[in-house]
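A quick write-up on the structure given underneath.
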Amino acid sequence: MTPAQWKEKLFLVRDSFFSSLAGIQTGGLEALELLYFGRKGDLSLLLRDLKDFPLEERKALGALGNEVKGAMAAKLAEKKGGPGAGKADIKTPFSDLTMAGYPFPKGSLHPLTVTINRLTEAFIKLGFSMADASLIEEDYYNFEALNFPPDHPAREMQDTFYLDLKDPSGKDLLLRTHTSTVEIHTLKDRRPPLRVFHPGRVFRCEAVDASHSFAFHQIEGFYVDKNVSMADLRWTVDAFIKDLFGSSVAVRFMPSYFPFVEPGAEVEMSCVFCKGHSGKCPVCKGSGWIEVLGAGILHPNVMRATGYEPRQWGGFAFGAGIERFAMLLFGISDMRVFYENDLRILKQL
Ligand code: DAH
């Protein structure tokens, strides 16, 4: 063995000792000590090999060996909680800054984050800017200003978690049930023209299954100016869906009801999996179409509630579930995958 090889072995012994030490509880300390410091322990054997080197080298290597041994013993004592514990690093500082580090697994972005980033890019390209809004909301922002008066049956569509805390008007605070709240905040805080989007988490009191969860994500977008029409909405929705899924997807609007828009629409896109060719497709259930968002022209009552004259100012709004987009982008049929954090599955995405 050359002196360089001996040194390398010494450092290997030291490193494997430190990493084993870090990984064990007090129960395994004695076994570990024996493995390294025992008569046939790795460190003892290595120090014994020193006798084969000529005197000069033996001296230099011996000093290094003792230093390493001291550092190892001190760490062991520290772990045992014995005398001198905690001072080990000061007494015998030993670290070789030139050693390569331990490899550690690099993470990757969660599929929902990837989807939010994709959507964000698409909206920024269309001239929208991102706004923020809070998860805990007042009834006014989540419902009332969005034209859901108290006791309106449309509130039933969004089974709500209420907090045991009151807002300034004496009503219970709630966890927002949708991201449409950002419309009211933005319209009150800023002046049009506004082109804004907001991705974020929303909450509904629902049992978890393959397509429902009590917490999920939505993205809301809206555009307020003079002379905004359904055609602008149609074009914008078409553009961002095509940005995400490619220009061959078809987009269609169907009449629907949401209290804060009039007219309101449900938007569907052609099935990216079967392209309408399979009557058995589990994603579109054979219809060839997948519902992806709700949209419409902002209701005059929403404009009035936020201080605008509806004849002068108006706009469109849309809201979509982010999990739905993520499921379509990554080909996942059960949204629980997103919350269970099973690395075996997430690594495949
Ligand atoms: N906020 C609605 C929901 O969560 C989705 C929605 C529908 C948003 C129509 C909109 C819209 O902006 O115009 O069910």
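All ligand and atom numbering here is 1-based and tracks the order in the structure.
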Could you tell me whether [X] and [Y] make a salt bridge, using a distance below 4.0 angstrom between a side-chain N and a carboxylate O?
{"X": "Glu33", "Y": "Lys80", "value": "yes"}
{"X": "Arg155", "Y": "Asp139", "value": "yes"}
{"X": "Lys171", "Y": "Glu144", "value": "yes"}
{"X": "Glu78", "Y": "Lys75", "value": "yes"}

Within 45° of the axis and under 6.0 Å from the centre of the six-membered ring of Phe53, does NZ or CZ of Arg58 qualify? no

Is there a continuous path of hydrophobic side-chain contacts, each under 4.5 Å between heavy atoms, that joins Leu293 to Ile219? yes

Which of the numbered atoms in ligand 1 are below 4.0 angstrom from a heavy atom of [X]?
{"X": "Glu220", "result": "8 (C), 10 (C), 12 (O)"}
{"X": "Gln158", "result": "3 (C), 4 (O), 14 (O)"}
{"X": "Gly296", "result": "13 (O)"}
{"X": "Gln218", "result": "3 (C), 4 (O)"}
{"X": "Glu183", "result": "12 (O)"}

Taking distance alone, with no angle check, do [X] and ligand 1 share an N/O pair under 3.5 Å?
{"X": "Phe318", "value": "yes"}
{"X": "Ala317", "value": "yes"}
{"X": "His178", "value": "yes"}

Is it the side chain, the backbone, both or neither of Phe316 that has a heavy atom closer than 4.0 Å to ligand 1? neither

Counting heavy atoms only, which part of Phe258 comes closer than 4.0 Å to ligand 1: side chain, backbone, both or neither? side chain

Does a side chain donor of either [X] or [Y] reach within less than 3.5 Å of an acceptor in the other side chain?
{"X": "Glu220", "Y": "His178", "value": "no"}
{"X": "Tyr339", "Y": "Glu323", "value": "yes"}
{"X": "Ser16", "Y": "Tyr36", "value": "yes"}

Strictly under 4.0 Å, does any heavy atom of [X] approach an atom of ligand 1?
{"X": "Arg204", "value": "yes"}
{"X": "Ser180", "value": "yes"}
{"X": "Met157", "value": "no"}
{"X": "Phe222", "value": "no"}

Closest to atom 6 (C) of ligand 1 among protein heavy atoms sits Phe260 CZ, 3.8 Å

Closest to atom 8 (C) of ligand 1 among protein heavy atoms sits Gly319 N, 3.3 Å

Compare all side-chain heavy atoms of Met269 with those of Arg252 and state whether any distance is below 4.5 angstrom. no

